[in-house]
Number of protein chains: 2
Amino acid sequence: MTTLKDLSRHLKLSVTQVSRALNDHDDVSQATKERVQKAAKLLNYRVNMSAKRLVTGRSGIVGLVVEQDGDVLEPQLFTQVIWGLSHAFSERGRQFILHATGAGGDVLREYESLIDSAGIDGFVITEPTLNDRRIAYLINRKVPFVVHGRVPDHTDYAFYDIDNFAVGHDLTRYLIDRGHQRIAFLNGPANRTYVEARREGYVAALTGAGLALDQTLHITGDMAATAGLVSCIRLFDKDNVSPTAIVCSNITLAEGAYAGLKALGLAVPDDVSVVAHDDLLPGHAATSFTPPLTTTMVPLSKGWPPIADLLSREIDGAPLEQVQMVESMDLIERGSVRTL
Amino acid sequence: MTTLKDLSRHLKLSVTQVSRALNDHDDVSQATKERVQKAAKLLNYRVNMSAKRLVTGRSGIVGLVVEQDGDVLEPQLFTQVIWGLSHAFSERGRQFILHATGAGGDVLREYESLIDSAGIDGFVITEPTLNDRRIAYLINRKVPFVVHGRVPDHTDYAFYDIDNFAVGHDLTRYLIDRGHQRIAFLNGPANRTYVEARREGYVAALTGAGLALDQTLHITGDMAATAGLVSCIRLFDKDNVSPTAIVCSNITLAEGAYAGLKALGLAVPDDVSVVAHDDLLPGHAATSFTPPLTTTMVPLSKGWPPIADLLSREIDGAPLEQVQMVESMDLIERGSVRTL
DNA sequence: CCTTAAAACCGAAACGTTTCGGTTCTTTAG
DNA sequence: CTAAAGAACCGAAACGTTTCGGTTTTAAGG
């Protein structure tokens with residue numbers, strides 16, 4: 001391994017100047033910079049990261065901590081997240097470490113040890129919950145992080161999010177505009193922030209149109225086809241109050257809803273209209289539904305590059321407005337809604 | 001951040017002794033070791049990895065490089081692998097970095113840059129193929145690695161594997177012992193080493209019993225239920241030569257086979273017997289088949305701790321026999337085989 | 001009580017980089 | 001021609017650990 005010292009000897013320059021040349025500082029002449037670059041390439045010089053880390057205190061490493069109940073998160077989704085993040089950071093020359101904690105371990109302890117001994121520069125936090133302890137801890141320890149999502153009323157940190165309020169609002173409003181009045185909402189896991197935000201959008205659209213709220217029409221649960229099926233069927237338990245339309249928080253839930261409606265002998269959209277939010281997960285195309293599903297759409301995969309950029313900026317101490325981003329979304333009409 | 005120096009001051013010991021105490025060297029008295037441990041805990045001391053790395057020349061980081069076609073590998077399986085490895089290494093105080101390469105990128109270049117600039121200590125290689133380029137490259141660069149699997153006739157490196165020959169052999173032999181003579185094999189993707197090894201075991205069992213080989217009875221393909229269904233139905237295209245038993249390389253394939261047999265109006269085990277290898281993936285229990293599936297079993301999850309240990313040993317330069325491991329397996333009789 | 005061996009300890013160097021606080025050389029202004 | 005300013009460079013310290021090559025203390029043997 002060639003070191004800076006080797007280079008400096010070879011170039012008859014001080015180690016200082018070689019270092020500064022390679023890092024493009026401004027008190028090195030252009031000529032020298034080029035000479036150094038050339039020699040570095042010639043001698044196949046590679047900076048020793050460990051040394052650099054020791055002296056700068058930065059590791060270039062970012063991390064994601066996932067808790068043991070990895071089975072709770074759909075494997076499909078987990079794969080997407082892991083893959084997307086890893087790829088985005090890899091492309092930017094950062095190392096992405098994945099830290100899987102044991103069952104029942106204290107997650108905050110894991111963060112602590114990662115920060116203190118592995119010298120991690122920053123974290124990505126996924127699936128934030130209301131009052132997320134991780135966020136509080138990292139703010140407190142002043143460690144950079146970016147949240148994939150947002151906690152309502154508490155947004156003094158870096159995040160990438162989609163407009164979940166609009167998801168709930170626009171889908172519901174779309175149905176209201178077409179004459180629907182009893183609209184059910186099959187939402188995701190109860191304590192997730194995006195689930196809450198979507199519920200608020202749903203409620204706002206209903207009350208904005210002067211429609212009554214019915215608590216029994218909003219159902220939280222896993223984002224899985226099986227959960228959608230069960231919830232959907234339960235919606236029709238007392239058929240005098242059955243909904244004429246269903247909003248699904250996710251396309252997998254919609255698969256369940258379609259199956260449930262079919263089992264009940266109800267047709268989409270003639271008997272019941274269905275709309276959903278589409279993350280564009282591979283293997284679950286809204287177009288391959290029969291009839292094709294009307295959706296709001298933001299590809300999940302769109303988020304990884306921004307997240308990597310936002311975290312890099314956050315690590316570099318950029319101001320708040322440069323480390324927050326809300327992705328816009330499209331509403332795509334297909335054939336799953338009937339105008340009453 | 002507490003450092004060794006802080007500790008030594010607090011304990012009125014030299015930095016040397018503190019370091020040696022924490023690393024359990026043998027010229028430190030037991031009493032001192034305990035005193036140091038206690039103080040370290042009290043002052044919340046965490047070793048600074050960067051410094052340790054610099055002086056030892058080791059980064060403590062291990063990596064897994066996954067290629068873009070992450071969708072080819074079942075998400076279910078990918079999740080298991082990533083999770084298991086990450087967890088095993090996390091528990092051992094190593095950082096596990098996941099490097100996802102872009103589409104069509106040169107994987108070997110990715111290894112090169114990871115080795116040279118990130119200072120990675122070693123790699124895990126999963127899903128090896130016959131004549132795997134990664135293995136050749138890493139051997140050539142003298143970078144430690146451990147293979148999850150094995151390449152036949154070329155085993156001068158660290159690996160963890162199960163006895164795939166035995167999987168093919170024992171399942172086939174089990175059927176032969178019960179009077180079956182036309183035995184099909186739904187195997188995995190063609191160029192994978194474990195697929196080949198299982199095929200060899202299958203062939204050996206057949207020829208060992210003096211039975212004829214029929215090329216059309218061995219089918220390679222994806223390890224998915226859909227692939228199993230299709231292959232299974234094709235097996236019965238010409239019914240004069242239909243198999244009386246099917247060996248499946250994987251429990252998901254067996255799900256497909258069960259579905260295919262059902263569709264063809266054939267009963268398990270009365271018309272056709274089925275056996276499979278079981279990796280014990282969550283959500284695919286052999287016991288929940290009807291009838292319950294007879295399998296050879298090695299939990300996939302059993303491998304991650306040994307893999308982490310083997311790689312650690314390999315990094316420490318342990319001799320070949322200490323860095324290779326073949327896991328034994330169980331054959332569990334359930335109700336999916338009929339004695340002819 | 002002295003000698004020797006073993007046990008316990010310690011100072012200082014080393015790892016490869018960045019950066020602080022200079023110095024030297026060149027150019028420009030008066 | 002001199003003073004000042006700016007450009008280009010450099011030595012040495014620092015980061016927190018491990019480890020080499022000792023020294024001191026304790027215990028054992030005679």
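Predicted model, so just to flag it, every value in this text is computed and none were measured. Letters go in sequence order (proteins before strands), and every chain restarts at 1.
When rounded to the nearest whole Å, the span between NZ of B:Lys12 and P of D:dT24 equals 21 Å.
The neighbour count for B:Asn23 CG, taken as heavy atoms of other residues, nucleotides or ligands under 6.0 Å away, is above 12. The neighbour count for A:Arg141 CZ, taken as heavy atoms of other residues, nucleotides or ligands under 6.0 Å away, is above 12. In B:Asp106, the CG atom is crowded: over 12 heavy atoms of neighbouring residues, nucleotides or ligands sit closer than 6.0 Å.
Projected onto DNA chain C by closest heavy-atom contact, B:Ala51 and B:Val28 fall at different nucleotides, the more 5' of which corresponds to B:Val28. Both B:Ser50 and B:His25 lie close to DNA chain D; mapped to their nearest nucleotides by heavy-atom distance, the more 5′-ward contact belongs to B:Ser50. Closest-nucleotide positions on DNA chain C for B:Arg20 and A:Asn23 were compared, and the one nearer the 5' end corresponds to B:Arg20. Place B:Thr16 and A:Ser29 on DNA chain D by their nearest nucleotides, and A:Ser29 ends up nearer the 5' end.
If you check every strand for non-hydrogen atoms under 4.0 Å, B:Arg46 touches sugar and phosphate atoms only. Nucleic acid contact for A:Val15: base, since at least one base atom lies under 4.0 Å from a heavy atom of the residue. Backbone-only engagement by A:Thr32 is indicated by non-hydrogen atom pairs under 4.0 Å involving sugar-phosphate atoms exclusively. Base engagement by A:Asp27 is indicated by at least one non-hydrogen atom pair under 4.0 Å involving a base atom. Base contact: A:Ser19 has a heavy atom under 4.0 Å from a base atom.
When only modelled atom types and interatomic distance are considered, A:Thr16 and A:Ser19 share no side-chain donor-acceptor pair under 3.5 Å. For the residue pair B:Ser312 and B:Arg94, a side-chain donor N or O sits within less than 3.5 Å of a side-chain acceptor on the partner. Between the side chains of A:Thr129 and A:Asn191, no donor-acceptor pair of N or O atoms lies under 3.5 Å.
Contact footprint of chain B on DNA chain C: nucleotides with an atom under 4.0 Å from a non-hydrogen protein atom, first to last in 5' to 3' order, C:dA8 to C:dG16.
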